[in-house]
A.B. asks: 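Quick one: the structure is below, and I'll ask about it shortly.
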Amino acid sequence: EFELNAPEAAARSAGDFFSGRHRAGEENAVDGLTKKRASDFACAHHRDENLVRHAARVQQTAEWVAHTHKVQASRNLLFSMVLEIEIEQRSYVLTGQPVFLEMFERAVDRAVQQERKLKELTHDDEQKAKLSELKPLIAERIDFARRTVELRKNSGVEAAEREIATLKGKNLTEQIRAKIARMDAR
């Protein structure tokens, strides 16, 4: 026989195999190789499925973390608005200037809107329950501020200062702060 170069030999071997003229030993080797490739493919496919599931879990976790941060920021913003109500209330009581009364009313409106946004963002049942405990405290704090503003308008600065001196507003603010801190601690 004549000598074949490597590409010709490979082509002849492939041709022999596909035409059925291969030897039994070659068949077992090819079957073993095919099974190995199939096994490798199955392992790679399984590994890829695990990676996809892991990536989906990581993405879902990242979304929940981002949502949690958004809820916490919303709670902090709500508390800062409660503080703003207190500041504007006291500013009006002390000065009687209408500009502080306007700022007080805007702060109340923003706090009420922020409370609604926080409620919409809160999905966890435990957090919803805590938020429902917070709502009446905020309403009571707003009512107290309105009462002192009305006292200032109708009865003068001394009557409003006496009401503020009861520390009811400060105590309500501290209760709100504590509730929000417990919500963040979870």
A.B. asks: Compare every heavy atom of I85 with every heavy atom of A145, then report the nearest pair and how far apart it is.
C.D. replies: CB-CG2, 3.9 Å
A.B. asks: State, with a plain yes or no, whether a side-chain heavy atom of V71 is found less than 4.5 Å away from one of Q127.
C.D. replies: no
A.B. asks: Run the numbers on E86 and R90 for salt bridge (charged side-chain N to carboxylate O under 4.0 Å, His left out), then give the verdict.
C.D. replies: CA-CA 6 Å; E86 184 174 348; R90 288 181 180 188; 3.1 Å; yes
A.B. asks: State which residue, out of M183, E115, R182, K119, fulfils the side-chain contact (heavy atoms from CB on, under 4.5 Å) condition with L134.
C.D. replies: M183
A.B. asks: Where does the angle between the aromatic ring planes of W64 and H123 fall among parallel (under 30°), tilted (30 to 60°) and perpendicular (over 60°)?
C.D. replies: perpendicular
A.B. asks: Heavy atoms, side chains only, cut-off 4.5 Å: are K153 and Y92 in contact?
C.D. replies: yes
A.B. asks: Is the closest side-chain heavy-atom distance between L131 and K128 below 4.5 Å?
C.D. replies: no
A.B. asks: Taking side chain as C-beta onward, heavy atoms only, is R147 less than 4.5 Å from K168?
C.D. replies: yes
A.B. asks: Got N50 and R53 here, is their nearest side-chain heavy-atom distance under 4.5 Å?
C.D. replies: yes
A.B. asks: Could you measure the distance from the CD atom of Q89 to the CD1 atom of I142? Nearest 0.5 Å is fine.
C.D. replies: 11.5 Å
A.B. asks: Below 4.0 angstrom, N of the basic side chain to O of the carboxylate: do E84 and R106 qualify?
C.D. replies: no
A.B. asks: Would you mind checking if E120 and R116 are paired as a salt bridge, meaning a charged N to carboxylate O distance below 4.0 Å?
C.D. replies: no
A.B. asks: Is any side-chain heavy atom of L78 closer than 4.5 Å to a side-chain heavy atom of I138?
C.D. replies: yes
